[in-house]
Amino acid sequence: MSIVFDKDLATGNDLIDGQHKELIGRVNKLVDSCTFGKEKNVAIQTLDFLMDYTVFHFDAEEKLQEEAGYPELSAHRAQHAQFKQAVEELKEMLEEEEGPTDAFVAAVNKNVSDWLVNHIKQSDKKVAAFVNR
């Protein structure tokens, strides 16, 4: 399931939206690397590629929140930590398997794709509205 960046995911903050587009592109590459039966190492590399950008994006987003005095920064950081942990668990799961299994793809959809869309719609839109005011 590919994610499409559209008006429902736009926060109105150019920095956040630009990074979300990149992050979504990387999530979609991860899903593609699993669904077309590519080798295990391709999926692992794609997962690492996603995690690298995730760390960059979360750091930038948290810095923006700090600078704006966002009152829910601690809770937002906890959500980010939860996502990073889920990605680490996916990597462990993938390393234990011979390749991306149906269970792995389902976990990616739930713990990465669905999580990201919900996080943007609920939490990041609140951050952007606070920063943009």
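None of the values given here were measured: they were computed from a predicted structure.
Counting non-hydrogen atoms of neighbouring residues, nucleotides and ligands closer than 6.0 angstrom, the CG atom of D14 reaches no more than 12 such neighbours. Other residues, nucleotides and ligands contribute over 12 non-hydrogen atoms within 6.0 Å of the CG atom of D6.
In this structure, I24 CD1 and Y53 OH are separated by 10.5 Å, a value rounded to the nearest 0.5 Å. From K125, atom NZ reaches atom CD1 of I120 across 9.5 Å, with rounding to the nearest 0.5 Å. Here CG of N13 is found 5.0 Å from CG of N132. Values are rounded to the nearest 0.5 Å. If you take CD on E62 and CD on E67, they are separated by 12.5 Å, rounding to the nearest 0.5 Å. Atoms CG and CZ, from L47 and R26 in turn, are 12.0 Å apart once rounded to the nearest 0.5 Å.
Hydrophobic cluster membership of I16, counting Ile, Leu, Val, Met, Phe, Trp and Tyr whose side-chain heavy atoms lie under 4.5 Å apart directly or via other members: L15, L64, Y70, V127, F130, V131.
Without hydrogens or angle criteria, K29 side chain to L50 main chain gives no donor-acceptor distance under 3.5 Å. The backbone N or O of S2 lies less than 3.5 Å from no partner atom in the side chain of N28, so there is not a single donor-acceptor pair.
Contact check for H20 versus T11: side-chain heavy atoms found under the 4.5 Å cut-off. In this structure, E66 and R77 have side chains that are in contact, with non-hydrogen atoms separated by less than 4.5 Å. Using a 4.5 Å heavy-atom threshold, the side chains of D59 and K63 count as separate. In this structure the side chain of K126 reaches within 4.5 angstrom of the side chain of E72, judged on heavy atoms.
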Step by step, work out the side-chain hydrogen bond (donor to acceptor under 3.5 Å, both in side chains) result for E22 and H57. CA-CA 9 Å; E22 177 67 24; H57 168 64; over 6 Å; no
Let me have the donor-acceptor pairs involving side chains of residues 81-97, under 3.5 Å, with sequence neighbours excluded, atom names and distances please.
from	atom 1	to	atom 2	distance (Å)
Q85	NE2	E89	OE2	3.1
K91	NZ	D48	OD1	2.8

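Nearest heavy-atom pair across F5 and A10 is CZ-CA, 3.7 Å. Nearest approach of P100 to A43, heavy atoms of both residues: CG-CB, 3.8 Å.
Between H76 and H80, the ring planes lie perpendicular to each other; the angle is over 60°, past the 30° to 60° tilted range.
No continuous path of hydrophobic side-chain contacts links L30 to F49 [ILVMFWY only; heavy atoms under 4.5 Å].
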